[in-house]
2 protein chains.
Amino acid sequence: MPNKKDIIKTLKDKGYRCTNQREAILDVLLNNENHFISAEDIYIKTKKYYPKTNFSTVYRNLEVLDNLGVIHRTNTDGKKAMYEIICEDSHHHHIICKSCGKTEIVDFCPFLNIKEKFSNDGFKLTDHKFELYGYCEKCNEDN
Amino acid sequence: MPNKKDIIKTLKDKGYRCTNQREAILDVLLNNENHFISAEDIYIKTKKYYPKTNFSTVYRNLEVLDNLGVIHRTNTDGKKAMYEIICEDSHHHHIICKSCGKTEIVDFCPFLNIKEKFSNDGFKLTDHKFELYGYCEKCNEDN
DNA sequence: ATGGCTGCAAACGTTTTGCACTTTT
DNA sequence: AAAAGTGCAAAACGTTTGCAGCCAT
């Protein structure tokens with residue numbers, strides 16, 4: 001569980017301010033821990049905390065948070081990006097249902113196995129993406 | 001190396017036709033084996049084989065090929081999708097340079113380690129994505 | 001009071017679509 | 001001849017941007 005105060009401190013240390021909109025967006029992300037959420041859903045939920053938040057503001061803040069390493073951005077389906085707050089003490093991956101979009105956590109991380117292997121390959125590794133796709137029990141039954 | 005004739009047979013078996021455009025797109029993908037290529041680059045290259053090919057046709061065909069499991073589609077950067085022809089006899093993943101986009105093949109596949117583990121978790125696994133990101137030797141030097 | 005942040009609306013790049021026509025089977 | 005596939009242009013979609021005004025520091 002990432003600490004909200006720590007994140008806000010990180011922001012301030014970097015010269016960023018703590019606006020109502022930014023805090024609301026952060027709250028949405030924190031409440032959605034361990035699950036991907038789209039920019040649009042973040043926008044909708046953020047408006048419940050701070051109704052006059054604008055969609056552009058959401059995108060601008062997601063970029064800031066991504067650059068600071070507070071959130072993780074990915075493209076699971078190829079269309080819209082998905083976001084998730086980063087929990088240093090529980091690095092994980094996802095299994096995603098191709099039918100309903102339901103996700104579950106996968107604790108296994110292949111990066112640990114391969115990290116050293118590539119350290120001397122010219123490439124300097126920084127990130128990795130590991131996602132499993134399939135059909136969840138429910139969607140599997142429906143077909 | 002996927003066999004062009006086999007792919008065309010698969011297409012025909014499913015009721016798809018073999019048009020000049022479709023064959024040209026397939027040729028581009030086959031010539032680009034083991035590398036991701038964007039829809040736009042496929043379009044540009046396809047026009048060299050069959051000049052009157054339209055961009056919509058490229059997209060429509062990429063969707064057909066993706067649905068048939070002939071190609072693999074991914075979003076490395078979150079903007080445009082990237083495509084690659086699937087080689088059953090050389091399944092692999094990629095390491096991608098975040099600066100210049102250069103890619104290299106990674107033989108290691110984490111899916112093999114995890115496959116059984118999830119077969120009885122309700123989820124029926126079908127696909128997986130494993131991508132490594134970092135900076136290649138050249139881009140690393142430049143910074 | 002300064003500089004970061006926001007709302008708005010317009011623009012952007014990628015991808016998809018409707019429709020009339022063409023091509024493969 | 002029938003059905004799939006295409007070209008074209010327009011629309012859709014997610015996302016980004018310029019700018020004037022606002023707000024946290």
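From a predicted model like this one, the values you see are computed outputs, not experimental measurements. Throughout, protein chains are lettered first and strands after them, A, B, ... in sequence-line order, and every chain is numbered starting at 1.
Ranking C:dT15, D:dT25, D:dT15 by closeness to the A:Arg17 side chain, first place goes to D:dT25. With C:dT17, D:dA24, C:dG7 as the candidates, the nucleotide lying closest to the side chain of B:Ser56 is C:dT17. Distances from the side chain of A:Arg60 to the nucleotides C:dC19, C:dG7, D:dT16 place C:dG7 closest. Of the candidate nucleotides C:dG7, D:dT6, C:dT14, C:dT14 has the atom lying nearest to any side-chain atom of B:Tyr59. For B:Thr57, the listed nucleotide lying nearest its side chain is D:dG7; candidates were D:dT25, D:dG7, D:dG18. Side-chain proximity of A:Asn20 to D:dA24, D:dT15, D:dG7: nearest is D:dA24. Closest to the A:Lys12 side chain, of the nucleotides D:dC23, D:dG7, D:dT25, is D:dT25.
Rounding to whole angstrom units, CD of residue A:Glu40 and C1' of D:dA12 are separated by 13 Å. C:dT16 atom P lies 16 Å from atom OH of B:Tyr43, rounded to whole Å. Counting to the nearest Å, the P atom of C:dT14 and the CD1 atom of B:Ile44 are 10 Å from each other. One interatomic measurement links the two molecules: CG of A:Leu62 to P of C:dC5, which rounds to 14 Å at whole-angstrom precision. A:Phe55 has its CZ atom 16 Å from the C1' atom of C:dA10, to the nearest Å. Atoms CG (A:Asp41) and P (D:dT15) sit 11 Å apart, rounded to a whole Å. In this structure, B:Leu68 atom CG and D:dG5 atom C1' are separated by 15 Å, rounded to whole Å. When the C1' atom of C:dT25 is taken as reference, atom CZ of B:Arg22 falls 13 Å away, rounded to whole Å.
Between B:Phe55 and B:Tyr43, the ring-plane angle classifies as parallel under the 30° and 60° cut-offs. Using the six-membered ring where Trp is involved, A:His94 and A:Phe36 have ring planes that are tilted, between 30° and 60° apart.
For A:Lys4, the NZ atom counts as densely surrounded, since its 6.0 Å shell holds more than 12 non-hydrogen atoms of other residues, nucleotides or ligands.
Between B:Asn61 and A:Thr19, the residue anchored closer to the 5' end of DNA chain D is B:Asn61, taking for each the nucleotide with the nearest heavy atom.
Within the 4.0 Å cut-off from OP1 or OP2 of C:dT14, at least one side-chain nitrogen or oxygen of B:Lys80 is found. For the OP1/OP2 pair of C:dC8 and a distance below 4.0 Å, the side-chain nitrogens and oxygens of A:Asn54 include at least one atom meeting the criterion. Within the 4.0 Å cut-off from OP1 or OP2 of D:dC23, not a single side-chain nitrogen or oxygen of A:Gln21 is found.
Residue contacts shown for A:Ser38 are absent, as no nucleic acid heavy atom lies under 4.0 Å away. Using a 4.0 Å heavy-atom distance criterion, A:Tyr16 is classed as a sugar-phosphate-only contact.
For the side chain to side chain contact (heavy atoms under 4.5 Å, CB included) with B:Val64, the qualifying choice from B:Leu11, B:Val70, B:Ile25 is B:Leu11, the only one to do so.
Salt bridge A:Arg73/A:Glu63: absent, no basic N to carboxylate O contact under 4.0 Å.
Under 3.5 Å, the side chains of B:His91 and B:His72 contain no donor-acceptor pair of N or O atoms.
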Report task. Could you go through the side-chain contact (heavy atoms from CB on, under 4.5 Å) check for A:Lys138 and A:Lys102 one step at a time? Result -> CA-CA 10 Å; A:Lys138 196 163 199 169; A:Lys102 182 188 171 191; over 6 Å; no
**Report entry** Residues A:Lys45, A:Tyr49; criterion side-chain hydrogen bond (donor to acceptor under 3.5 Å, both in side chains); working and verdict
**Finding:** CA-CA 7 Å; A:Lys45 291 194 177 185; A:Tyr49 290 83; over 6 Å; no
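One axis for each end of the helix from C:dA1-D:dT25 to C:dT25-D:dA1, each built from five base pairs, and the angle between them comes to 40° at 10° resolution.
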